[in-house]
Amino acid sequence: PDAQPSEPVEPSSMPVATAPVPAAASPAAAPVPAASCWQASGLPRAQEILVRAALENMDGMQGRWSLAESVLPARWVVYLGPFPSEAALQQRRSELRRAGIDHRELSAPGLAPGLALGTYSTQEAAQRALSDASRQGISGARVAQERPDTPVYTLRLDGVSDAQRRRIEAMGILRDRPLQRCP
């Protein structure tokens, strides 16, 4: 049979491809787990060592994690203590409350049981506050370093699957530092 000439087709009536079909949508391709970024910050040095050792030996994690160091600056307090007993601590707390003086309990090694009348980023600022406290009639206070400059670490997990994240959490290496989505 002879071919019949076809009528011309207007371009506007031709089918238009809107987007290619993703490979994951085809039945032959396996679904790819979603990968995302997670982080845990404020890890102390001992925990950083534990995390590093665990992740260096974990399958599938090469190049997917990093640890960044930062420093928590030293912190100074106007300090009362250490007190010889819990009763002495509570008596001093009552005196401060009656005088309307803000304070908090200290549990830092070497300072407990004690009270902080203020927290400062420099020793000089704490000394000025101590002078003010003395003028208010507070006796027995002194300046003490609550914390020296302290290195802390942030773990960043880039492009990890939910399964990898759950595996890391289950290892217990992060202790009380939960993984959170990266900002």
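Basis for what follows: all heavy atoms, side chains included, without hydrogens, waters or symmetry-related copies. Throughout, residue positions are numbered sequentially from 1 according to the sequence presented.
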Seminar exercise, completed: Taking every heavy atom of Trp76 against every heavy atom of Ala126, the minimum-distance pair comes out as CB-CB, 3.9 Å

Exercise. Would Ile138 and Leu111 show up in the same hydrophobic cluster when neighbours are defined by side-chain heavy atoms closer than 4.5 Å?
Worked result: no

Exercise. Quick one: does Gln145's side chain get under 4.5 Å of Val77's, heavy atoms only?
Worked result: no

Exercise. Between Tyr120 and Val143, is any pair of side-chain heavy atoms under 4.5 Å apart?
Worked result: no

Exercise. Leu89, Leu106: one ILVMFWY side-chain cluster at the under-4.5 Å cut-off?
Worked result: no

For this session: Give a yes or no on whether the backbone of Pro148 and the side-chain of Thr150 come within a donor-acceptor separation of less than 3.5 Å.
Result: yes

Exercise. Between the main-chain N or O of Gly42 and the side-chain N or O of Arg177, is there a donor-acceptor pair closer than 3.5 Å?
Worked result: yes

Problem set entry | For Ala40 against Leu174, the heavy-atom pair lying closest together | CB-CD2, 4.3 Å

Exercise. Measuring from Leu43:CG to Ser41:OG, what's the distance to the nearest 0.5 Å?
Worked result: 7.5 Å

Exercise. How far apart are the C-alpha atoms of Ile173 and Ile168, what are their side-chain angles, what is the distance that settles it, and do they pass the side-chain contact (heavy atoms from CB on, under 4.5 Å) test?
Worked result: CA-CA 7 Å; Ile173 58 175; Ile168 291 167; 4.3 Å; yes

Seminar exercise, completed: Heavy-atom closest pair (His103 atom, Ile101 atom, distance to 0.1 Å) is ND1-O, 3.0 Å

For this session: Just do the side-chain contact (heavy atoms from CB on, under 4.5 Å) check on Gln39 and Leu179 with the steps written out, would you?
Result: CA-CA 5 Å; Gln39 68 182 28; Leu179 284 171; 5.7 Å; no

Problem set entry | Short N-O contact, Glu124 and Arg128, less than 4.0 angstrom | no

For this session: Taking all heavy atoms of Arg147 and all of Pro73, pick out the closest pair and write down the distance.
Result: NH2-O, 2.7 Å

Exercise. In terms of hydrophobic clusters joined by side-chain contacts under 4.5 Å, are Leu117 and Tyr79 together?
Worked result: no

Problem set entry | Distance (rounded to the nearest 0.5 Å) between Leu157 CG and Ser36 OG | 9.0 Å

Problem set entry | Heavy-atom closest pair, residues Cys37 and Asp158 | SG-OD1, 3.2 Å

Exercise. Is there a chain of hydrophobic side chains (I, L, V, M, F, W, Y, each step under 4.5 Å between heavy atoms) that links Val152 to Ile49?
Worked result: no

For this session: Have a look at Trp38 and tell me which of Arg156, Arg165, Glu169 forms a side-chain contact (heavy atoms from CB on, under 4.5 Å) with it.
Result: Arg165

Problem set entry | Asp102, CG: over 12 other non-hydrogen atoms inside 6.0 angstrom | no

Problem set entry | Whether Gln164 side chain and Ser161 backbone form a donor-acceptor pair below 3.5 Å | yes

For this session: Could you tell me whether Arg92 and Glu95 have a side-chain N and a carboxylate O separated by less than 4.0 Å?
Result: yes

Exercise. How many angstroms lie between CG in Leu155 and CD in Gln47, if you round to the nearest 0.5 Å?
Worked result: 9.5 Å

Exercise. Is it true that the side chains of Ser121 and Arg75 contain a donor and an acceptor less than 3.5 Å apart?
Worked result: no

Problem set entry | CA sep, side-chain torsions, deciding dist, call: Arg167, Met58, side-chain contact (heavy atoms from CB on, under 4.5 Å) | CA-CA 10 Å; Arg167 201 164 126 213; Met58 188 174 166; 3.1 Å; yes

Exercise. To the nearest 0.5 Å, what is the distance between CZ (Arg135) and CG (Leu130)?
Worked result: 9.5 Å

Problem set entry | Side-chain heavy atoms of Glu56 within contact of Met61, under 4.5 Å | no

For this session: Answer with yes or no whether the hydrophobic clustering places Leu72 together with Tyr153; edges join I, L, V, M, F, W, Y residues whose side-chain heavy atoms lie under 4.5 Å apart.
Result: no

For this session: Test Trp65 against Arg52 for side-chain contact (heavy atoms from CB on, under 4.5 Å), laying out the working first.
Result: CA-CA 9 Å; Trp65 63 275; Arg52 184 178 302 278; 3.9 Å; yes

For this session: Return the minimal non-hydrogen interatomic distance between Gly81 and Arg142, and the atom names on each side.
Result: O-NH2, 3.9 Å

Problem set entry | Ion pair check, Arg104 and Glu146, cut-off under 4.0 Å | yes

